[in-house]
Amino acid sequence: METDNLKATLEREFLEGLNDVQREAVLHDGGPLLILAGAGSGKTRVITHRIAHLIRVRDVPSRRILAVTFTNKAAAEMRERTETLVGPYGRDAMIRTFHSLGLQILRENASLLGLKSSFTVYDPAAQKSLAKKILKDLKVEAALLPPEAALNATERARERLLDPDSYAAETRKDPYHQSIAQFYREYHKRLREQQALDFSDLLYETVMLLQTNAQLLEMCRRRWQHLLVDEYQDTNHAQYRLVLLLAGGHRNVVVVGDDDQSIYSWRGADISNILNFEKDFPEAKVLRLEENYRSTPSILKLAASVIQNNSERREKTLFTNRPDARPPSFRLYQEEGEEARSVLSRIRELRSAGVRLNEIAVFYRTNAQSRIFEQVFREANLPHTVFGGFRFFDRKEIRDLMAYMQVLVNPLDVENFERVLANPPKGIGEKTLESARFLAGTTGIPYLEALRQLAVKPGFRGAKPINAFLANYERWTDLNESGERPSVILKTLIEESGIVEYYRKEDDPESVSRIENMQEFATALADYEDRAGAENREVDIAEFLQSVSLYSSESDPDLEEEDRQGVHLMTLHNAKGLEFRVVFFTGLEESLLPHRMSLEEGNLEEERRLVYVGITRAMEQLYLSACRFRRTGGSFDPRLPSRFLEEMGIQTRRERSYDEFDSSWSDSSRSYSERKVVSRPAPDSGSSALNLVPGDRIRHKSFGTGEIEDTEKTPAGTKLTIRFDDGTTRRFLDRYTPLERI
DNA sequence: TACGTACGTGTTTTT
DNA sequence: CACGTACGTA
């Protein structure tokens with residue numbers, strides 16, 4: 001009786017504040033459920049409340065629940081919010097990313113794959129170094145097939161679950177595609193020889209394992225009786241198959257997503273997974289969450305005006321009952337420095353008006369754009385956090401040390417071995433590495449053994465440094481195998497590898513920070529051990545490296561909370577799933593957004609979704625901006641305002657202040673877009689008429705005199721490369737650049 | 001042969 | 001601007 005009362009109370013608690021559709025989703029009995037959740041419609045809320053409901057009201061043991069997301073950040077948030085609802089009752093719920101789920105299943109069953117559970121997960125650097133060697137061995141010109149392209153193609157194939165044979169079979173017979181097929185075959189072979197997997201393998205091999213091993217599949221289905229998948233619109237084929245496999249028995253699968261927010265097609269995401277859910281599960285119930293709780297009506301309206309231009313989408317209308325606040329605004333700046341300084345001063349105003357800094361975000365399309373904001377904010381002492389750029393674990397000295405640890409765990413890992421042999425420099429160069437590789441490759445002996453044999457080979461001159469290294473390596477291996485604490489091993493490596501001496505150069509502040517980073521790394525590992533120790537878990541190097549490898553490009557797990565202070569700087573891709581009171585959406589320029597590359601790939605609709613994602617992150621205030629000119633690399637190029645601004649009905653003809661814009665825009669966005677008031681800058685206000693050729697002398701009003709070095713016809717006009725007399729080289733589009741012939 | 005430096009060249013998004 | 005390659009020196 002008492003428990004019934006308790007349950008009723010809990011049930012009410014978990015439904016409180018939810019709308020009818022959200023309640024229906026939480027209460028959904030079982031079986032397949034598709035939730036089409038518009039931006040800001042409370043989907044994370046629905047998922048976490050449903051988990052809470054399952055555990056506390058329906059008595060599902062938390063270890064029977066599996067929730068899958070795409071990013072560690074999202075998983076962490078989901079875990080946190082579940083804990084808020086059910087406290088320790090949710091402790092055993094498995095809330096993870098697809099990749100970490102795969103990794104766990106593979107570790108537990110490595111032997112079924114013919115791998116040791118100590119296998120290595122290659123990071124992009126290791127992948128690339130392996131790819132280069134393979135292409136060289138296959139004698140494929142780098143110009144024909146760059147390593148990145150080869151890797152990209154193989155990863156796409158892997159995501160489609162094509163093994164090298166089926167890939168070769170369906171590949172066109174031109175030399176380019178044949179080279180890729182050949183590459184894929186060799187790449188896969190070498191990864192396995194080196195006891196290594198790459199990111200796409202974590203999904204591919206998991207699917208293969210479950211497909212070929214009925215017993216294991218049955219175990220997984222029994223283990224996870226309820227499956228919840230977030231951001232379903234971003235699943236690739238492998239992830240999709242994984243969901244079908246895991247849900248196959250009980251069919252208790254809830255997927256949540258929004259086709260308008262699919263922004264990862266370039267990573268193999270297939271929007272038809274969400275569009276066809278009802279075909280895969282004909283008995284599926286479909287719910288639509290269309291009430292937005294996040295943004296003001298004018299922000300939502302702006303978002304709708306953009307996204308409605310997409311043709312491939314499920315029509316839906318978001319509405320909100322929130323009161324309107326300050327309408328979104330647009331401002332055009334001269335260059336990115338001005339844009340950044342203006343954002344800074346607006347942030348200062350917001351701060352004095354009581355907005356906390358971590359409620360503010362600055363968005364941009366590419367990571368390179370963060371630089372100017374970091375610089376301006378740093379000079380102004382404005383606290384800020386950059387997401388997704390280079391992080392602690394990406395630093396060279398840290399990666400080097402991780403390679404040292406990695407080869408202690410997996411001596412067959414050639415990529416990390418070569419990194420270790422080359423860093424810090426120890427008298428072992430490219431030629432030696434090549435010989436060892438060749439010896440290992442032709443005789444089939446392990447790389448380490450090849451190195452040993454090379455050192456005693458008559459006539460081989462580079463034996464001394466090899467022997468010195470091997471002696472070190474054996475000592476470190478003994479230390480590891482004697483069960484020494486990982487942090488002690490790391491400290492030993494820092495002291496004995498020569499890495500400190502190498503980086504300790506003169507009074508370079510850079511090298512001081514490198515050495516500090518290494519110490520910090522050792523401390524982080526010691527903390528990790530202590531935390532695991534508190535749970536009575538043994539930590540080995542392999543486990544630590546794994547936990548780091550999956551966090552590679554996200555935030556540093558340790559510095560997380562404290563460092564989250566200040567204004568958030570991030571790419572649009574990083575912004576998905578987050579919300580902020582105030583959003584500065586910067587760099588809305590042609591060739592940046594839509595990005596030139598996407599345009600060439602015919603991916604305009606995805607760029608539009610990116611804009612949609614950006615706009616819908618804003619709760620109260622949204623500031624859009626673009627620049628007339630932008631410095632990229634060495635040159636300073638003119639930019640046109642993004643076509644998406646036109647779609648929003650935003651007037652971009654001349655520079656306007658925020659207030660001017662507010663009054664003219666606020667309530668008439670439609671009529672602007674219908675009249676197409678946006679005009680491009682005059683087609684030619686530059687120097688096209690001069691018909692400049694290499695060798696001509698010119699004068700530029702800002703940069704002085706110089707000589708035309710090169711001209712190149714591009715779709716946008718003729719691109720001039722000018723070498724100025726001060727020695728600098730700059731590139732301009734002739735039609736935008738007034739020049740004087742001298 | 002190893003390694004540092006000078007130059008030239010191309011530039012999205014990330015688990 | 002930052003990375004990768006080509007070259008020159010020890």
Side-chain angles (χ1 to χ4, degrees), chain A residues 68-75 96-103 121-125 127-128 132 142 146-148 152 155 158-159 197-203 231 234-236 238-239 262-269 363-369 371-372 387-391 394 396 421-435 460-462 464-465 502 505 549-554 570-576 587 591-601 603 606-607 609-610 613-614 630-637 709-710 712 721 723 727-729 731:
Chain A
V68 194
T69 65
F70 273 81
T71 65
N72 292 302
K73 205 193 292 164
R96 292 179 164 252
T97 65
F98 273 105
H99 291 266
S100 78
L101 172 68
L103 181 57
V121 178
Y122 273 170
D123 64 11
Q127 288 185 60
K128 196 174 160 188
K132 276 185 179 169
E148 294 84 0
N152 199 37
E155 292 200 331
R158 217 128 180 85
E159 280 155 359
L197 299 179
D198 70 7
F199 276 109
S200 56
D201 281 333
L202 297 180
L203 303 172
E231 309 277 17
D234 282 326
T235 47
N236 61 38
Q239 289 162 327
S262 162
I263 54 175
Y264 284 104
S265 73
W266 51 274
R267 215 173 60 191
F363 296 163
Y364 35 78
R365 174 68 230 264
T366 69
N367 280 308
Q369 289 166 257
R371 188 179 219 94
I372 184 73
F387 281 77
F390 277 113
R391 345 206 130 270
D394 288 333
K396 185 175 184 298
L421 291 167
N423 296 285
K426 39 176 85 61
I428 302 171
E430 186 51 38
K431 278 280 177 266
T432 305
L433 298 184
E434 243 169 58
S435 318
F460 181 77
R461 281 194 289 278
K464 230 182 279 170
Y502 177 71
K505 279 194 213 121
S549 72
L550 290 188
Y551 268 91
S552 61
S553 70
E554 293 189 45
M570 65 185 79
T571 62
L572 291 164
H573 284 86
N574 266 314
K576 199 173 66 154
S591 87
L592 208 49
L593 194 60
H595 197 277
R596 184 163 21 93
M597 299 288 181
S598 296
L599 229 42
E600 282 164 16
E601 293 158 14
N603 233 343
E606 183 149 308
E607 296 288 298
R609 290 193 286 269
L610 221 32
V613 166
R630 187 172 288 273
R631 221 174 320 271
T632 51
S635 63
F636 195 52
D637 297 327
E709 200 167 80
D710 185 36
E712 183 199 350
T721 305
R723 183 165 202 92
T728 59
T729 305
R731 279 174 273 272

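Atom set for the values below is all heavy atoms of this structure, side chains included, hydrogens, waters and symmetry mates excluded. Chain letters run A, B, ... following the sequence lines, proteins first, then strands; residues in each count from 1.
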Using a cut-off of strictly less than 4.0 Å, decide whether A/R267 has a side-chain nitrogen or oxygen near OP1 or OP2 of B/dT12. no
Using the six-membered ring for Trp and the full ring for Phe, Tyr or His, decide whether A/Y264 stacks on the six-membered base ring of B/dT14 (centres under 5.5 Å, planes under 30°). no
For B/dT14, does either OP1 or OP2 sit under 4.0 Å from a side-chain N or O belonging to A/N574? yes
Does A/T235 have any side-chain hydrogen bond (donor to acceptor under 3.5 Å, both in side chains) partners at least two apart in sequence or in another chain, and if so, which? A/N273
Taking only residues two or more places apart in sequence or in another chain, which ones pass side-chain hydrogen bond (donor to acceptor under 3.5 Å, both in side chains) with A/K128? A/E148
Using atom CD of A/E430 as one end and atom C1' of B/dT1 as the other, report the distance to the nearest whole Å. 11 Å
How about A/H595 and A/E600: do any of their side-chain heavy atoms sit closer than 4.5 Å? no
Taking any heavy-atom pair under 4.0 Å as a contact, classify A/I428: base, sugar-phosphate, or nothing. sugar-phosphate
My understanding is that only residues two or more places apart in sequence, or in another chain, count here; which of them pass salt bridge (charged side-chain N to carboxylate O under 4.0 Å, His left out) with A/D234? A/K576
Given B/dC3, B/dT12, B/dA2, identify the nucleotide with an atom nearest to the side chain of A/P425. B/dC3
With nearest nucleotides of DNA chain B determined for A/T432 and A/E155 from heavy-atom distances, which residue corresponds to the more 5′ nucleotide? A/T432
Separation between OG1 (A/T366) and NE2 (A/H573), nearest 0.5 Å, reads 11.5 Å
Measure the distance from CD on A/Q127 to C1' on B/dT14 and round it to the nearest whole Å. 12 Å
Closest approach to the side chain of A/Y502, judged atom by atom: which nucleotide of B/dT14, B/dG4, B/dT12 is it? B/dG4
Regarding A/E159, tell me which of base, sugar-phosphate or nothing describes its non-hydrogen contacts under 4.0 Å with the strands shown. nothing
Ring centroids of A/H573 and B/dT13 base under 5.5 Å with planes under 30°: no
Side chain of A/M597 - closest among C/dA2, B/dT14, B/dT12: B/dT12
Can a side chain N or O of A/T571 be found less than 4.0 Å away from OP1 or OP2 on B/dT14? yes
For the atom pair CD1 (A/I263) and CG (A/N603), what is the distance rounded to the nearest 0.5 Å? 12.0 Å
Once salt bridge (charged side-chain N to carboxylate O under 4.0 Å, His left out) is applied, do any residues pair with A/K464, and if so which ones, sequence neighbours excluded? none
Whole-Å gap separating C1' (B/dT14) and CH2 (A/W266): 4 Å
Grab the CZ-C1' distance between A/F636 and B/dT11 for me, whole Å please. 17 Å
I'd like to check the salt bridge (charged side-chain N to carboxylate O under 4.0 Å, His left out) partners of A/R609; sequence neighbours left out, ordered by chain and number. A/E606
Measure the distance from CD on A/E601 to C1' on B/dT13 and round it to the nearest whole Å. 10 Å
Close N or O pairs between protein and nucleotides 4-6 of chain C (under 3.5 Å):
{"residue": "C/dG4", "atom": "OP1", "partner": "A/K128", "partner atom": "NZ", "Å": "3.4"}

Atom-to-atom span, CG of A/L593 to C1' of B/dT13 - whole angstrom: 11 Å
For B/dT14, take OP1 and OP2 only and decide whether either is under 4.0 Å from a side-chain N or O of A/N367. yes
Starting at CZ of A/F363 and ending at P of B/dT13, how long is that distance when rounded to a whole Å? 16 Å
Note: for A/T366 and A/G427 on DNA chain B, the residue whose nearest nucleotide lies more 5' is A/G427
With a 4.0 Å cut-off on heavy atoms, is A/E606 in touch with a base, just the backbone sugar-phosphate, or nothing at all? nothing
Using a heavy-atom cut-off of 4.0 Å across all strands, would you classify A/R631 as base, sugar-phosphate, or nothing? nothing
note: A/N152, atom CG; B/dT14, atom P; distance rounded to Å ~ 14 Å
Should A/S200 and A/L203 be marked as a side chain to side chain contact (heavy atoms under 4.5 Å, CB included) after you check the CA-CA gap, both sets of side-chain angles, and the distance that decides it? CA-CA 6 Å; A/S200 56; A/L203 303 172; over 6 Å; no
If I pick the C1' atom on C/dG4 and the same atom on B/dT13, what distance separates them, to the nearest angstrom? 23 Å
